[in-house]
Each structure stands twice: as C-alpha cells, then as structure tokens.
Undergrad: 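Quick one: structure below, then a few questions.
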2 protein chains.
Amino acid sequence: MAATLGSLAGLIGYALRRAQLAVFDETIRSVADLDLRLAQVSVLAVVGHRPGLKQTEVAAALGIQRANFVALIDSLEERGLARRAPDPSDRRRHALHLTAEGERVLAEATARVAAVEARLAAKLGPHGREELLAMLWRLARD
Amino acid sequence: MAATLGSLAGLIGYALRRAQLAVFDETIRSVADLDLRLAQVSVLAVVGHRPGLKQTEVAAALGIQRANFVALIDSLEERGLARRAPDPSDRRRHALHLTAEGERVLAEATARVAAVEARLAAKLGPHGREELLAMLWRLARD
DNA sequence: TATTGTTATACTCTATAACTATA
DNA sequence: TATAGTTATAGAGTATAACAATA
C-alpha cells in the first residue's frame with residue numbers, strides 16, 4: 001500500500017487522516033458495548049469535568065455547532081446520563097450536569113479509552129506520546 | 001478551551017481528530033478554487049503515480065470501499081481528468097489513467113497542498129515533520 | 001438588537017447488501 | 001464459485017438559515 005500511495009504517504013495531512021481513522025476504529029470498538037458514540041463520550045467527559053457549563057460553551061469547546069449539539073444532549077438526557085438544569089439568572093440558558101448514572105458510565109468509558117491509549121503509547125516509545133500530543137495540538141490550534 | 005476539555009486534551013485519539021480537522025480545513029481551502037475535494041485529489045495522486053492500476057487496487061490503497069469509489073471516478077471522468085481503460089486480459093477490470101488535463105490539475109493541486117504542508121512543517125520545528133510522520137504511520141498501520 | 005436553544009434541511013461521507021458480467 | 005464493478009440505500013456527521021424566548 002505504501003508504495004502505491006506515492007507522494008500522499010509524505011503528507012502530514014494524509015497521514016493524520018489515516019492515523020485518526022485507525023485510532024478511532026479501535027476506540028469506537030472499545031466503547032461499542034456501552035452503546036456510546038465518541039461524540040457522546042466527549043460530551044460526558046467535558047460536562048463531568050466542568051459541570052454547570054451551558055450548552056453553547058460545551059459545544060464550542062468540542063468544536064460542535066450548537067444546532068448539532070441539541071440532538072447529542074437529547075440522547076444523553078433520554079438515557080438518563082445528563083440533564084439540562086434551568087439557570088435562574090438567565091432563563092435562556094441550560095446548565096449541563098451528569099446524573100449519578102452518567103458519572104458511572106463516564107468512568108467506565110474513560111477506563112476503556114485509557115486502555116486503548118496505553119496500547120497506542122506503547123507503539124510510540126518512551127517519550128513518543130508526549131511529543132506527539134505537543135505536535136498535534138500545535139497543528140490543531142491554528 | 002484547553003481548560004474545559006479536561007482529560008480529552010491528553011488523549012492521542014482526540015488530539016488526532018482536532019489536528020486532522022484543522023489541517024483538512026486549511027487544505028480544503030487551498031484547492032477549493034480548483035473545485036476539487038481531497039478525496040478526488042488523493043485519487044489523482046495515486047493514479048498519477050501508478051497509472052494502470054484497477055479500481056479496486058486504488059480504492060484499497062486509499063482505504064475507500066469499492067462501492068463508494070465508483071462515484072468518485074465518475075466525477076473525475078466526467079470532468080475529463082481521468083479515464084477508465086478496458087483491460088484486454090480481463091474484461092471485468094477497468095485500468096485507471098489520467099488525461100493530460102488530469103496531469104495538469106494534479107500538478108496544480110500538488111503545488112497548493114505542498115504550500116500548506118510547508119506551513120505545517122514550519123510549525124513543527126527542524127525534525128518535527130519527519131518524527132510526526134513516522135509516529136502517525138506507526139499508528140495507522142494497525 | 002443580540003444571544004440561547006431549537007427546528008428543519010441539505011449535503012457529504014461511509015457501510016452494507018445485492019445485482020451483472022465476467023472469470 | 002469467485003471477482004470487478006456497479007446500484008441502491010441507510011446512517012452518521014456537519015453546515016446553514018430561520019424561529020421563539022429571553023436578555
């Protein structure tokens with residue numbers, strides 16, 4: 001395959017895509033039996049880390065448009081994992097929180113993902129993981 | 001944003017996704033006025049590098065399902081950038097080639113993408129690019 | 001007037017099954 | 001029987017515009 005890819009194999013953009021797809025494939029499988037998509041896991045992680053944020057703030061942190069975020073929290077709320085709390089100071093806002101069940105599911109999902117990450121780190125050698133993260137975020141923040 | 005992402009910021013998988021989206025955003029814009037999507041550019045690159053490959057081989061190299069590959073070459077053929085050539089030894093097969101116009105468009109797209117890649121490499125320091133590519137392909141190949 | 005959440009919608013990307021023609 | 005290409009289709013993910021309620 002490498003031989004047939006030609007110049008693509010030397011492109012950061014293309015290598016990023018292939019690596020991301022491969023890693024997501026493994027990560028998606030790791031939480032599949034929890035019936036969670038990665039977007040749902042990411043919302044649980046942010047809300048669990050910073051409870052009380054409003055929808056727009058969580059969506060912006062994750063790079064998700066607020067219009068598309070609605071169905072995402074709907075799904076988590078319907079499953080009893082998160083809830084929208086009314087904000088007394090501004091009745092337009094919905095502050096987001098995890099339920100006790102949401103905390104449990106997040107803990108389980110986090111453990112599964114951590115196991116995948118450990119396997120990835122093992123492929124990268126001693127300081128590979130930290131170096132990779134530093135480079136990736138340098139590319140991601142404009 | 002980093003502060004609100006919590007544990008996500010330390011995940012290789014999540015950082016890969018954010019970096020890939022940011023890089024693709026810039027790359028997509030760089031070829032937008034050629035009216036080319038990145039999937040089309042990747043097909044032009046592979047066929048230009050290895051003319052005569054059959055559809056299934058190109059699709060496999062790019063990780064695209066052969067069913068989804070049909071519309072992709074259709075679009076390139078309709079624009080006169082690529083052509084399906086009958087294979088005399090096996091009439092089921094279509095060998096893929098670029099037209100002269102396809103070669104020209106590929107050259108232009110390659111130059112645009114190379115300019116983006118140069119900006120990315122500049123962000124990563126002296127040996128950053130090579131180190132990053134090595135790590136990404138280590139993750140992508142299983 | 002501006003913002004928050006929402007609905008509706010359209011478009012791309014991807015995955016799967018089934019068909020045809022050839023081998 | 002198996003393979004190459006194809007068609008049809010359904011599910012995600014994403015982007016945009018417009019609306020109601022509230023500020």
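The figures that follow rest on heavy atoms only: side chains count, while hydrogens, waters and symmetry mates do not. Here is the naming used below: chain letters follow the sequence lines, and residue numbers restart at 1 for every chain.
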Undergrad: Go along nucleotides 2-10 of chain D 5' to 3' and tag each nucleotide: B for a protein heavy atom under 4.0 Å from its base, S when only backbone or sugar atoms are that close, - otherwise.
TA: BBSBBB---
Undergrad: Which residue is it: L34(A), V41(A), L36(A)? I am looking for the one with a side chain to side chain contact (heavy atoms under 4.5 Å, CB included) to R112(A).
TA: L34(A)
Undergrad: Can you tell me if R129(A) uses its side chain to pair, donor with acceptor, with the backbone of G10(B) under 3.5 Å?
TA: yes
Undergrad: Between the side chains of R104(A) and E101(A), is the shortest nitrogen-to-carboxylate-oxygen separation below 4.0 Å, so that they form an ion pair?
TA: yes
Undergrad: Judged by each residue's nearest nucleotide on DNA chain C, which is more toward the 5′ side, I64(B) or R91(B)?
TA: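 Mapping each residue to its closest nucleotide by heavy atoms, the 5'-most match is I64(B).
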Undergrad: Over how many whole Å does the gap from L38(A) atom CG to dG11(D) atom P extend?
TA: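 Answer to the nearest Å: 20 Å.
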Undergrad: Does D87(A) or R37(A) map to a spot on DNA chain D nearer the 5' end, using the closest nucleotide for each?
TA: R37(A)
Undergrad: Step by step, would you call R119(A) with E26(A) a salt bridge (charged side-chain N to carboxylate O under 4.0 Å, His left out)?
TA: CA-CA 10 Å; R119(A) 288 197 291 276; E26(A) 193 172 346; 2.9 Å; yes
Undergrad: Give the rounded distance in Å between these two atoms: CZ of F24(A) and C1' of dA12(D).
TA: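 One finds 13 Å between C1' of dA12(D) and CZ of F24(A), rounded.
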Undergrad: Do S75(B) and Q40(B) pair up side chain to side chain, a donor and an acceptor below 3.5 Å, judged on atom types alone?
TA: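 Yes, a side-chain donor-acceptor pair sits under 3.5 Å.
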Undergrad: Using side-chain heavy atoms (C-beta onward) and a distance below 4.5 Å, is D35(B) in contact with R79(B)?
TA: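 Of all side-chain heavy-atom pairs linking R79(B) with D35(B), at least one is under 4.5 Å.
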Undergrad: For V23(B) and G13(A), work out which heavy atoms get closest and say how close.
TA: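 Reported closest heavy-atom pair: CG1-CA, 3.7 Å.
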Undergrad: So do the side chains of L132(B) and L139(A) get within less than 4.5 Å of each other, counting heavy atoms only?
TA: yes
Undergrad: Nucleotide range of DNA chain C contacted by chain A, 5' to 3', under 4.0 Å to a heavy atom?
TA: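 Contact span on the strand: dA2(C) to dT14(C).
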